Amino acid sequence: MNQMTIAEVLNAPAAPAGKTTVGGWVRTVRLSKGGFAFIAINDGSSFDNLQIVAKAELPNYSSELARLTAGCSILAEGSIVESPGSGQRFEMQAEEIRILGWADPAGYPIQPKHHTYEFLRTQAHLRARTNTFGAVARVRNAMSLAIHGFFQSRGFLYVHTPIITASDCEGAGQMFRVTTLPVGGGALPAEEDFFGRPTFLTVSGQMEAETYACGLGKVYTFGPTFRAENSNTARHLAEFWMVEPEMAFCDLAGDADLAEAFVKHIFSAVLTGCPRDMAFFDERVEKGVVATLEHIVASPFERITYTQAVEILEKSGQKFDYPVSWGSDLQSEHERYLTEKHIGRPVIVTDYPRQIKAFYMRLNDDAKTVAAMDVLVPRIGEIIGGSQREERLDVLTARMAEGGLKPESYWWYADLRRYGTVPHAGFGLGLERTIQFATGMANIRDVIPYPRTPRSAEF
Ligand code: 4AD
Ligand code: MG
């Protein structure tokens, strides 16, 4: 038995000889008057379905095959032949079809018709069987591979930073508590808790990545991060994946160069690795998304300082919901104006005011700004946030105090500055926002298999 995936069949240089077996879930069935069933199946390996042609002479034709409906699972055996009319190069002339699982049409939610994304979120366990979610999953996979490929080929070590942590990297107080203390049982002290102290799900692997970079040079993390921010937007998740490279002996300019090369590498890998899925997104989800990605890969990112960005926004004559003034954070509408309207391609904004950025960012000589950078892209706004890190112990300690953090809780982080300190820098790329941008999907909930958002964790 020569079992193949649909991708292997459709991409074969010539029709495979002999008998081939293919398994899949039925998308559509058409019965012809001439005594044939045309059964389109998909197994997730490819965007395109495989057409199975079943003759009425098959022993289970009227008892089973003529009763197949969307969602049934089958295993078909037969010969692969050039297809006269299905729009594919190949189809299967079936000699035997086994039904593995029926799918009652009265109950099966993924009928072959248009479904809204909102509806499919309520069927997240079955939505991988749709065109859109299959394509998103394949793009997400290709992107993950490209991420590892990029760093591995540049000598970065993949390090696994902890998910449970006692420190708030961003100092923003958006952490989920991790506890084994009884719920609702009164306030037991944290010393009684599993770890003997308050612990949380990490918001970022950065601090631990810094410790490894200050020993191994170039490292990166790639894992889930968690934020209990109550933002019900199309760009926020409570659980999302972040890629965080960290480099010793590197400053902000080197960090921005890496970010630009990284984003270009990811988009170019998706264009070459998933052409069929990208053609679908271009046709059905966001017109022009392929050309946009090609343009990004081919042109340099703009670089401006926060101060310049504020000047541009003030002079823009645009009416914003949030006022613009030096010292306040850029809102998503401001980010989008800069990258979509003013510049028309990705822009790296650097040197933000110290009071709106995290304590670990290196203080610039002007004492007003820090060596921070955000990479902004059209439609989404920020996909990367990064910085050169404060390597001077006295300045770091002062910045912690300024942010209301207890320096003694970060003693191990401060040790990096106490013993053999070096300039170092890194950034975090939000995987889901990057997939959103590359596919044109409007809502971040539709680019991760099981989105976690306020009041939603069903599956
Ligand atoms: O800008 P952020 O908060 O940076 C950090 O966490 C740094 N410690 C990273 C570093 O320097 N190593 O987050 C980085 C990126 C954002 O640019 C955004 O793409 C994504 O993570 N992100 C989110 N994505 C989805 N949902 C959320 N709630 C997100 N918060 C941040
Ligand atoms: Mg940020």
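Everything numeric here is computed off the predicted structure, so don't read it as measured data.
Using cut-offs of 30° and 60° on the angle between ring planes, the pair Y337 and F320 is perpendicular.
M278 is listed as a side-chain neighbour of L293, based on a closest heavy-atom distance under 4.5 Å. Under the 4.5 Å side-chain criterion, counting only non-hydrogen atoms from C-beta, F267 is in contact with T434. Looking only at side-chain heavy atoms (C-beta outward), F281 and E286 stay at 4.5 Å or farther from each other. Contact annotation: the side chain of F36 never approaches that of L31 to less than 4.5 Å [non-hydrogen atoms, C-beta and beyond]. The shortest distance between side-chain heavy atoms of I110 and L120 falls below 4.5 Å. Between S204 and M242 there is a side-chain heavy-atom pair separated by less than 4.5 Å. Using a 4.5 Å heavy-atom threshold, the side chains of T202 and I164 count as separate. Within the 4.5 Å cutoff, no side-chain heavy atoms of T221 are placed close to those of V243.
Of the listed residues (F222, Y220, Y158), just one forms a ring pair (Phe, Tyr, Trp, His ring centres under 6.0 Å) with F151, and that residue is Y220. With respect to Y360, the side-chain hydrogen bond (donor to acceptor under 3.5 Å, both in side chains) criterion is satisfied by exactly one of Q206, R389, Q388: Q206. Tested against F240, the residues I448, L431, T225 include a single side chain to side chain contact (heavy atoms under 4.5 Å, CB included) partner, T225. A side chain to side chain contact (heavy atoms under 4.5 Å, CB included) with P378 is found for exactly one of L338, I343, T339, namely T339.
When only modelled atom types and interatomic distance are considered, H295 and T292 share no side-chain donor-acceptor pair under 3.5 Å. In summary, the side chains of S45 and D43 do present a donor paired with an acceptor at a separation below 3.5 Å, with no hydrogens or angles considered. Side-chain contact check for H424 and E210: at least one donor-acceptor pair (N or O, by modelled atom type) lies under 3.5 Å. R67 and T69 share no side-chain donor-acceptor pair at under 3.5 Å.
In this structure a side-chain-to-backbone donor-acceptor pair under 3.5 Å is missing from E91 to I80. With hydrogens and angles ignored, the 3.5 Å screen pairs no side-chain donor or acceptor of K55 with any backbone N or O of E95. Here the side chain of D282 pairs a donor or acceptor atom with the backbone of V290 at under 3.5 angstrom. In this structure, D193 contributes its side chain and F195 its backbone to no donor-acceptor pair below 3.5 Å. Using modelled atom types, one side-chain atom of R345 and one backbone atom of P300 make a donor-acceptor pair closer than 3.5 Å. Between the H236 side chain and the T453 main chain, no donor and acceptor come within less than 3.5 Å of each other. No side-chain donor-acceptor contact under 3.5 Å links E239 to the backbone of F226. Here the side chain of S456 pairs no donor or acceptor atom with the backbone of R452 at under 3.5 angstrom. E335 places no side-chain N or O within donor-acceptor distance of the main-chain N or O of G381, the cut-off being under 3.5 Å. Side-chain atoms of E333 come within 3.5 Å of backbone N or O of D321 as a donor-acceptor pair.
Taken from CD1 in I99 to CD1 in I74, the straight-line distance is 7.0 Å, to the nearest 0.5 Å. Taken to the nearest 0.5 Å, the CZ atom of F119 stands 11.0 Å off from the NE2 atom of H114. With rounding to the nearest 0.5 Å, the separation of CD in Q123 from CD in E458 is 9.5 Å. The distance from atom SG of C214 to atom CD of E246, rounded to the nearest 0.5 Å, is 7.0 Å. Interatomic distance, L75 CG to E96 CD, rounded to the nearest 0.5 Å: 8.5 Å.
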Under 3.5 Å donor-acceptor pairs involving side-chain atoms of residues 129-142, not counting sequence neighbours:
unit_1: R129; atom_1: NH1; unit_2: Y108; atom_2: OH; d: 3.2
unit_1: T130; atom_1: OG1; unit_2: R127; atom_2: O; d: 2.8
unit_1: T130; atom_1: OG1; unit_2: F133; atom_2: N; d: 3.3
unit_1: N131; atom_1: OD1; unit_2: R27; atom_2: NH1; d: 2.9
unit_1: R138; atom_1: NE; unit_2: D277; atom_2: OD1; d: 3.3
unit_1: R138; atom_1: NE; unit_2: D277; atom_2: OD2; d: 3.0
unit_1: R138; atom_1: NH1; unit_2: G44; atom_2: O; d: 2.8
unit_1: R138; atom_1: NH2; unit_2: D277; atom_2: OD1; d: 2.9
unit_1: R140; atom_1: NH1; unit_2: E432; atom_2: OE2; d: 3.1
unit_1: R140; atom_1: NH1; unit_2: V447; atom_2: O; d: 2.9
unit_1: R140; atom_1: NH2; unit_2: E432; atom_2: OE2; d: 2.9

Side-chain donor-acceptor pairs of residues 14-26 under 3.5 Å, sequence neighbours excluded:
none

Name every donor-acceptor pair, under 3.5 Å, that has one atom in a side chain of residues 4-13 and the other anywhere in the protein, sequence neighbours excluded.
unit_1: T5; atom_1: OG1; unit_2: E8; atom_2: N; d: 3.1
unit_1: E8; atom_1: OE1; unit_2: T5; atom_2: N; d: 2.9
unit_1: N11; atom_1: ND2; unit_2: A7; atom_2: O; d: 3.1

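M143 and A438 get closest at one heavy-atom pair: CE-CB, 3.7 Å. A425 and D251 get closest at one heavy-atom pair: CB-O, 3.9 Å. Nearest heavy atoms, G386 versus D255: C-OD2, 4.2 Å. The two atoms that bring A166 and R197 nearest to each other are CB-CD, 3.7 Å, heavy atoms only. When all heavy atoms are compared, the tightest approach of I444 to R235 is CD1-O, 3.5 Å.
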Practice item. Begin from the C-alpha positions of I41 and N49 and carry the test side chain to side chain contact (heavy atoms under 4.5 Å, CB included) through to its verdict. Key: CA-CA 5 Å; I41 62 169; N49 300 329; over 6 Å; no
Practice item. Before giving the answer on ring pair (Phe, Tyr, Trp, His ring centres under 6.0 Å), spell out for H125 and Y450 the whole-Å C-alpha distance, their side-chain angles and the decisive distance to 0.1 Å. Key: CA-CA 8 Å; H125 59 308; Y450 294 101; 8.5 Å; no
Point to revise | Candidate pair R98 and E77, rule salt bridge (charged side-chain N to carboxylate O under 4.0 Å, His left out), full reasoning | key: CA-CA 9 Å; R98 276 203 287 145; E77 190 183 77; over 6 Å; no
Point to revise | Test side chain to side chain contact (heavy atoms under 4.5 Å, CB included) applied to L330 and L313, step by step | key: CA-CA 10 Å; L330 298 181; L313 292 165; 3.8 Å; yes
Review point. Would L258 and M247 count as a side chain to side chain contact (heavy atoms under 4.5 Å, CB included) if you check the C-alpha gap in whole Å, the side-chain angles of each, and the deciding distance to 0.1 Å?
Key: CA-CA 10 Å; L258 185 80; M247 292 171 289; 3.7 Å; yes
Practice item. Decide yes or no on side chain to side chain contact (heavy atoms under 4.5 Å, CB included) for Q51 and M92, but give the supporting numbers first. Key: CA-CA 6 Å; Q51 169 155 289; M92 177 187 278; over 6 Å; no
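Ion pairing between E340 and R379 fails under the 4.0 Å rule for side-chain N and carboxylate O. A salt bridge links D374 to K357: one of the charged nitrogens lies within less than 4.0 Å of a carboxylate oxygen.
Side-chain rings of F176 and F200 stay apart, their centers remaining 6.0 Å or farther from each other.
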